[in-house]
There are 2 protein chains.
Amino acid sequence: MLKSCSARSSAKRSAILDAAQRCFLEHGYASTSMDTVAATAAVSKATIYAHFQSKDQLFAAIIHRRCDSLACAADALEVSEITDARATLTTLARQLMSMLLDGDVLCIYRMVVAESSRHADLARTYFEAGPTRGKQRLSKTLDALVSKGLLQIDDTWLAMDQFIGMLRGEHFHRALLGLPAGDRTDLERTIEGAVETIMRAYAPRA
Amino acid sequence: MLKSCSARSSAKRSAILDAAQRCFLEHGYASTSMDTVAATAAVSKATIYAHFQSKDQLFAAIIHRRCDSLACAADALEVSEITDARATLTTLARQLMSMLLDGDVLCIYRMVVAESSRHADLARTYFEAGPTRGKQRLSKTLDALVSKGLLQIDDTWLAMDQFIGMLRGEHFHRALLGLPAGDRTDLERTIEGAVETIMRAYAPRA
DNA sequence: GTCTATAGAGCGATAGAC
DNA sequence: GTCTATCGCTCTATAGAC
């Protein structure tokens, strides 16, 4: 079995990317040194610079890689059987919430927010791979509910924005800031509340 | 007129605080050096350390000061005359949105998010002075609407969370990440949409 | 490509004169 | 309190041997 010898697929390169990801996610961009990355990857600092032009470009590579997996996660948001609006919305909400509250997802979000003014291009890449792509995917499900007559929505994009916004309420907010989280009951109330409000606001009229 | 000679009120101290605030808000905590703060304040670095024990404590002082003004802004959220639910919610939404989209408020929010893992206490202070205090203030208005029979809400805290969440949708999200903002029409649609959804979900039943 | 060693700049924080 | 000067350290990035 021939192993590709291109720089992009070397084992060291992967080790560097994995280590850098862990360091950046854990300590943030500005607070992570290349020495730390090198030590974590069990590689010399010079080796890092053989693969990546600068710390900035290493950071960009990490964010892009995370965005890819974020896009995959966004595409995975789906409800197989659509027969009941409430059940569909609840399933969607649960999927979305567990994604939003995921530790790594929160970390990359914190980092993108933190560096958005200094890395505007990365902020845009992230926004398209994550929130926008996720919303597009979820809007389809909402469209399906509408076309089945289970909900009556003029602007499904707006409705989706509202649904997601309600889910990103206090519970999410506390998690983002690393504050003691509300319990499971609190999470359930957020989910059920968002579903209930959408149901009432967009119920088909008689 | 006697001038207080306590360290807390010296002119230099104020200059340092103002300069540090500008630097931190503009470039973030980790990317701002004490030399930059000193130069911006037109003060020597040693003078800064005469007033503040460390960079961390200077940062804390800035955040606490911003939290005070954030709390004042939160307390200012109010609707004088409450006769119509829709009008009241719209006024509330406009006030809240212009506060959320304010440049300095966004900057401090980015910074708190960025440093939340390294400055957990500041994240908590911020959360209480900003989001929580604002929500408490706004919930009172919602309570007033309920007691007047203009809305029917079991859990006003949840309803407020939902209302704010809908306002913190894509428009806000783009502003937070410094992406090209939606236009004024987009903003209006977000506000009207949130009001309409709350109106429908919590309309008094016959 | 990968290492060791180090350059060269910038950092937070302090000493000591006034 | 405020300054100038500087310490001691860490940083990003590179040079040169292999």
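Naming convention: chains lettered A, B, ... in sequence-line order (proteins, then strands); numbering from 1 in each chain.
Rounded to a whole Å, the NE2 atom of A:His51 is 7 Å from the C1' atom of C:dG1. Per the geometry, CZ belonging to B:Phe52 stands 15 Å off P belonging to C:dG12, to the nearest Å. Residue B:Tyr49 contributes atom OH, which lies 16 Å from atom P of D:dT4 at whole-angstrom precision. Taking atom CZ on A:Arg13 and atom P on C:dT2, their separation rounds to 11 Å, with Å as the unit.
Note on B:Arg133 versus B:Glu128: no salt bridge recorded, every NZ/NE/NH1/NH2 to OD/OE distance being 4.0 Å or above. Salt-bridge formation is not detected for the pair A:Arg94/A:Glu192: no Lys NZ or Arg NE/NH1/NH2 atom is positioned less than 4.0 Å from an Asp or Glu carboxylate oxygen.
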Footprint string (nucleotides 3-11 of chain C, 5' to 3'): B base within contact, S backbone only, - free, heavy atoms under 4.0 Å: BB------S
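Proximity of a side-chain donor or acceptor of B:Thr36 to a complementary backbone N or O of B:Thr32 within less than 3.5 Å is not detected.
Between A:Tyr109 and B:His173, the ring center distance clears the sub-6.0 Å criterion.
Contacts of B:Val43 classified as side-chain contact (heavy atoms from CB on, under 4.5 Å), with partners at least two apart in sequence or in another chain: B:Lys12, B:Ile16, B:Ala41, B:Thr47, B:Ile48. Remark: B:Phe172 pairs with no residue by the ring-ring contact (aromatic ring centres under 6.0 Å, His included) rule, at least two apart or across chains.
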